[in-house]
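As a basis for the values below, the full set of heavy atoms in this structure was taken, side chains included, without hydrogen atoms, waters or symmetry mates. Lettering of chains follows the sequences in order, A, B, ..., and the numbering in each one begins at 1.
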Amino acid sequence: MDTQTSAAAKKPKVDPTLATEGGSFYAETVMIHPRSVKGMFRTWKWWAMGVLLVWWHVAPFLRWDRGPGAPDQAILVDMAGRRGYFLFLEIWPQEVYYLTGLLFVAAITLFLMSSLFGRVWCGFLCWQTVYTDLFMLVERLVVGDRAKRMALDRAPWSIEKLTRKAIINLIWLVISAACGIGFTLYFGNAPTVLHDIFTGDESAATYGAIAVVGGCCFMLAGYAREQVCLYMCPYSRFQSAMLDEHSLIVTYEDWRGEPRQPARKGASFEGRGHCVDCRMCVVACPTGIDIRDGLQMGCIGCALCIDACNAVMDKNNLPRGLVTWDSIANTAARAAGAKPRYRLVRPRTIIYGAIVLVVGGLIAYSLASRRTTEVNVLHERAPLFVQLSDGSIRNGYVVKVLNMVRAERTFRLEVAGIDGATFTVVGGAANVASTDLVVAPDAVGTYNVFVTAPAGRLQAARTPLAFVLREAGEGQTTRAESLFAGPER
Amino acid sequence: MATIEKDSVSGQSTTGHEWDGIKELNTPLPKWWVYVFWACVVWSIGYWVVYPSWPTLNGYTPGIGLGSVVPANWTARGQLDGDLVAQKAGRAAWLSKIEASSVDAIEKDKDLLRYAMAGGKIAFNENCAPCHGVGGVGAYGFPTLADDEWLWGGSLADIEQTIKFGVRNTNANSRQSEMPKFGADGILKDDQIAAVADYVVSVASKAPAKGSAGEAVYAENCAVCHGEDGSGNKEVGAPALNNQIWLYKGGKDGVVAQVTKPKHGSMPAWSERLDASTVKLLAVYVHNLGGGK
């Protein structure tokens, strides 16, 4: 941390995005045109972008056989049918806690990733980064690199500028539309939806979703870009809570770089810093910050400045890594001439990792032991109980049998807890001790059931009563506890 | 006046505003954010134009509407009317089936039964529950509809008939019957009433006091409607006396009161207020409250 303070003392830190001219309360936004670089991290970013975009667009087309009558899409959110399908899993609405658990694991994984390696999510995996990168590639192919793009922005409007801008926006629109369409394909049978979108047969909701998702993609990746990271995304604001002095982050090794000064060809680097102040790290940065000012909110950890700086170091026959992944503690150690220590295992990372493992294990366990039958019993409140003319007491219940299997199933219903109790299913058997209920495949069977306790059999105003459902054949038993009400004694 | 200074710690300038020596750093908002704010303000003006908004001296600006999405002269009541029409159209398929089917046919068809139970519940809670209670729980003087005793019969047809024409009202088909005022009109003397009350209580507990004075009074005056064994007569709405279910108070006092000067409930003829389909839904619903015969 000492090195940071000394760096701050040398030059007051000002977030360039917050700089203002003439005391205005509103800052002009300057379009950032980063210079493209080559290097290991750039290659990784291309790979990440490729894998993620292919996955995004191909996943809805993957098939998974679930038998007749069931959708065969591997990943499907069926809003109308109230089902979520993920490979062999079929989730009912009340099991949305699996999704909650998944999001929880994702959040803690993000924390773990950040505490280990800084904002790698932001720099490599976030859709804002992926699409912004792709949109910049389009600009580079249509106009050229940083200098040409800046020149075109400055140039007065002309046929050529108009044409190039139009081509860029057109390609962006196509990509955005594909992004929006890709989103909707997860909510219906992908090939059919894709076909219907182009024939105009899809619902207004589908076109609306495409417009909203695609429109956001176009505006956020095309025009808002780093403004999203700086002003909209909450994550950049609380990243500091995940980082500590041992987190590996994109770092400028100022002990080695300072004092910086331009290098003349062939001049010696004795007695000066290795930074030649070429500003390659600044022009390569997609958020327009200067990494040499140290850790700051604007850094999304994309590591493009590392690639940029390494190329310069190579040219000057200096060792790579003036800008590199390093921890604040290591930078301080190196500055003091001590041996750097990489501490990936720390209380923080152990706790994050443990939470991921525990919650992930709980989800896996509950999925593995997931029941395919559920019984919900609602005790009728009005009337709570009815005395019949023979003195017996009757209670009404609504029994819901959830059959989470894609096959018709027969269950034998019995009640337990009161001797001699019989029941009547409205529209079915009357005054029986047990009856068979047939529940349609993948459906909820709802039954109004009247349970009658013979006269004088109740000992208290409330008697526990269980509904026992036994599946025909295999004999999986499901119980639902309820109460039987009677007169006060 | 505003003096803009440079803050030595952050390197940022101040806004120039000062309150009791407190100064504020100028952290400028991005301009696009401000534009979005103004765009939202402009968008909100659209509501003034589309919807009724500004009061005038003798009314209000009615709003020009928005194509097929918002009609001109929009009102909340108009929206409700439209929603109700749409809802009726949505139910038409079911209601036409209900209209065309007898109550027996409705109860035998699983889908129609489910519809009738849902629709009947709503109609019941709106029209019947004020007296009979939610779920037909009943109250003093208002029969429980969920038990197995019926004054006028518990079959589907009986229930539909009772709902349609009611009990002791001005409708020509109304169910009518009155119990004589045995005490008030001097038909029976006080000691006879006391004796018959004792006998009725014994009948209710399934142990008739054979050979008692009350038995003779009962056989002469009561059995013609309530039956020799006290099992009642649904033709004339005479309740069964041989069980523990009482419309008014049970026990000797209650029986004495009823024999001396009987209370009689009445029920409207619902065919005068509800359409035939709703009456059918109600009949099926009540029949399935648990006591239907």
>> Tell me whether K31(B) at atom NZ has more than 12 heavy atoms from other residues, nucleotides or ligands lying less than 6.0 Å away.
In response: yes
>> Tell me if the CH2 atom of W43(B) is crowded by more than 12 foreign heavy atoms within 6.0 Å.
In response: no
> Crowded around E235(B) CD? As in, over 12 foreign heavy atoms under 6.0 Å?
Replying inline: no
> chain A heavy atoms under 4.5 Å from V34(B): which part of the residue, side chain, backbone, both or neither?
Replying inline: side chain
> What are the two closest heavy atoms between Q387(A) and I245(B), and how far apart are they?
Replying inline: O-CD1, 3.6 Å
>> Within a 6.0 Å radius of atom NZ on K121(B), are there more than 12 heavy atoms belonging to other residues, nucleotides or ligands?
In response: no
>> If I take atom NE2 from residue H17(B) and atom CZ from residue F25(A), how far apart are they, to the nearest 0.5 angstrom?
In response: 4.0 Å
> So how far is it from M117(B) CE to N448(A) CG, rounded to the nearest 0.5 Å?
Replying inline: 5.0 Å
> Is there a donor-acceptor pair closer than 3.5 Å between any side-chain N or O of D147(B) and the backbone N or O of L388(A)?
Replying inline: no
> Hey, are the side chains of P30(B) and Y231(A) touching, using non-hydrogen atoms and a 4.5 Å cut-off?
Replying inline: yes
>> I'd like to know which of V137(B), N242(B), L29(B) tops the heavy-atom pair count under 4.5 Å against chain A.
In response: L29(B)
> If you look only at pairs with a residue in residues 131-154 of chain B, which of them pass as a ring-ring contact (aromatic ring centres under 6.0 Å, His included), with sequence neighbours excluded?
Replying inline: Y140(B)-Y248(B)
> Which atoms form the tightest heavy-atom contact between W32(B) and T29(A), and what is the distance?
Replying inline: CD1-OG1, 3.1 Å
> So which of V426(A), T424(A), D390(A) has the largest heavy-atom pair count under 4.5 angstrom toward chain B?
Replying inline: V426(A)
> Between G135(B), G291(B), G292(B), G290(B), which residue shows the highest count of heavy-atom pairs closer than 4.5 Å to chain A?
Replying inline: G290(B)
